[in-house]
Amino acid sequence: MGERYRIAVENSEEQFHCSADTTLLVGMERAQNQALSVGCRGGGCGVCRIRVLRGEYERKRMSRAHVSEQEEQNGVALACRIMPRSDLLICADPSEHAKTSANQSDNNNA
Amino acid sequence: MRKGVMRPGHVQIRVLDVQEALAHYRDLLGLIEVETDSEGRVYLKGWTEVDKFSVVLREADAPGMDFMGFKVLDTTTLASLESALKENGIEVEEIPAGELNGCGRRLRFVAPSGHSFELYAEKEQTGKWGLSKVNPEAWPRDLKGMKATRFDHCLLYGTNIQQTYELFRDVLGFDLAEQVVDPEGNKAAVFLTASMKAHDVAFIDCPEPGKFHHASFFLETWEDVLRAADLITMTETSIDIGPTRHGLTHGKTIYFFDPSGNRNEVFCGGDYHYPDHEPVTWTVDQLGKAIFYHDRVLNERFLSVLT
Ligand code: FES
Ligand SMILES: [Fe+2]
């Protein structure tokens, strides 16, 4: 097991701990926390997109359809593709694509 | 009326890391690794499939489906389908024989849903894997993982479902086996077949064109589906939902994700369709039950998690 870090969500009471060998999203699920939406867990769908406001992390490759190179340099990430290397402050920032489809799901459920 | 399209032949899937993906499709699903081509694309197949390959993995920076291919009866049929597509105003791109190793000339076109499809008449047939052609045993003994028997169908999300349905029906000769309709009679989902199966390809209406929901692989029994679920847990693979049953098609199923976030399904059983059958209809207000027959509600992911 890797070192454990504290992941805080901006403008909310939400926080959870995630170990260095686990992606943020899976760490969140294991901690029974629901701060972020869970999708594919593989960097493909964009529903777990976040902005990292503070802290260090390691990245795995993520879909360019949801995070551009520029955005990736500026701290945008898919929570299922990054692993913490320090405590982090994050905020949710779901991908536009994922939002379009999610809105449709609201309509269908209405 | 049937127009000589026989069956799904292949799907090319984009993945973020081809080695991770290979481990997933080969070791977990149990597909047979066939070969890697000069572009680095990896070819696989289910052990019961007679063709050389049915799944192609291509490394790319965004996951999803490149195209799905259907095999047609013969080269004459291919030529007549080519004219029919063009007469209907569909642009057809010709992919030369050998662009995929062992596959003949392919005709590629984009459906109104935004997805690329291909038709081809010839592909090398290497026979069922691990069995002799004469006096074959029941199954090969050295299969891995879920022992997926074949690539079965894709479910795709996209635009213009009615036009896409008409193209598949009128030009390609598919039948509407099952559907979901809204109160105005618009189709929210169409399950199309070129065979006796409840679906060879299915579409669900979505504001964004060309999205990939899942590629599905056939298992023989419910016990196999349960065992697939065990393997998903043992390998800490990303689960979506199941094991459960669909209302649509009545298949017994489990959904999960490959390491790049593309959804996979393995399933068994389900309805059959003859050309004289009325389509099976579900209404949009029963969509939850139509998709997940036991839960009777959609999980949030079903409509929004796509590649
Ligand atoms: S859950 Fe799909 S990209 Fe993270
Ligand atoms: Fe399916």
Side-chain angles (χ1 to χ4, degrees), chain A residues 1 19 21-30 34-49 58-73 76-83 92 94-110, chain B residues 13-21 24 59-65 157-159 180 182 188-189 204-214 232 236-241 255-264 284-288 290-291 297-307:
Chain A
M1 266 232 5
S19 67
D21 58 5
T22 306
T23 66
L24 241 54
L25 195 71
V26 169
M28 180 200 82
E29 287 188 282
R30 287 192 184 149
Q34 292 170 1
L36 307 170
S37 306
V38 178
C40 66
R41 306 182 188 86
C45 72
V47 309
C48 70
R49 201 170 96 138
E58 192 163 311
R59 294 170 283 189
K60 285 186 76 178
R61 196 171 185 182
M62 40 192 122
S63 175
R64 279 280 171 259
H66 299 297
V67 181
S68 71
E69 220 159 310
Q70 179 83 46
E71 288 172 322
E72 191 171 333
Q73 297 314 319
V76 176
L78 300 175
C80 63
R81 299 297 275 182
I82 66 168
M83 291 165 292
S95 169
E96 283 307 320
H97 303 277
K99 270 187 260 179
T100 329
S101 314
N103 285 343
Q104 190 215 11
S105 99
D106 292 346
N107 296 340
N108 282 353
N109 290 343
Chain B
I13 300 171
R14 295 188 302 273
V15 297
L16 294 171
D17 180 319
V18 81
Q19 289 309 315
E20 269 184 24
H24 172 89
E59 191 163 297
D61 66 9
M65 184 187 83
Y157 275 41
T159 46
V180 179
D182 73 13
I204 289 187
D205 181 45
C206 160
E208 230 193 306
K211 302 302 282 183
F212 180 53
H213 190 275
H214 67 261
I232 286 167
E236 293 195 38
T237 297
S238 176
I239 179 83
D240 185 9
I241 194 167
Y255 283 160
F256 53 105
F257 297 97
D258 81 7
S260 308
N262 296 302
R263 191 184 278 93
N264 297 153
V284 150
D285 64 313
Q286 294 285 309
L287 190 61
I291 304 297
V297 286
L298 291 181
N299 65 350
E300 205 184 292
R301 286 191 284 267
F302 185 82
L303 290 168
S304 60
V305 172
L306 308 166
T307 55

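Chain identifiers are assigned alphabetically (A, B, ...) following the order of the sequence lines, protein sequences preceding nucleic acid strands; residue numbering begins at 1 within each chain. All heavy atoms count here, side chains included; hydrogens, waters and symmetry mates do not.
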Mind listing the closest non-hydrogen atom pair of [X] and [Y] along with its distance?
| X | Y | result |
| --- | --- | --- |
| Cys40(A) | Ser238(B) | O-OG, 2.8 Å |
| Gly42(A) | Leu16(B) | O-CD1, 3.7 Å |
| Pro259(B) | Arg81(A) | O-NH1, 3.4 Å |
| Gly44(A) | Pro63(B) | CA-CG, 3.8 Å |

Greater than 12 external heavy atoms within 6.0 Å of Gln34(A)'s CD: no
Over 12 foreign heavy atoms within 6.0 Å of CD, Gln73(A): yes
Partners meeting side chain to side chain donor-acceptor pair (under 3.5 Å) with Arg14(B) (sequence neighbours left out): Asp66(B)
Check: Ile239(B) main-chain N/O paired with Arg41(A) side-chain donor or acceptor under 3.5 Å: yes
Sidechain N-carboxylate O distance under 4.0 Å for Arg61(A), Glu20(B): no
Interface moiety of Ala60(B) toward chain A, non-hydrogen atoms closer than 4.5 Å: backbone
Asn262(B), part contacting chain A, at a heavy-atom distance under 4.5 Å: neither
Under 4.5 Å from any heavy atom of chain B - which part of Val38(A): both
Residues which pass salt bridge (charged side-chain N to carboxylate O under 4.0 Å, His left out) with Arg263(B), listed by chain and number, not counting sequence neighbours: Asp240(B)
Value rounded to 0.5 Å, distance of SG in Cys45(A) from CG in Leu306(B): 8.0 Å
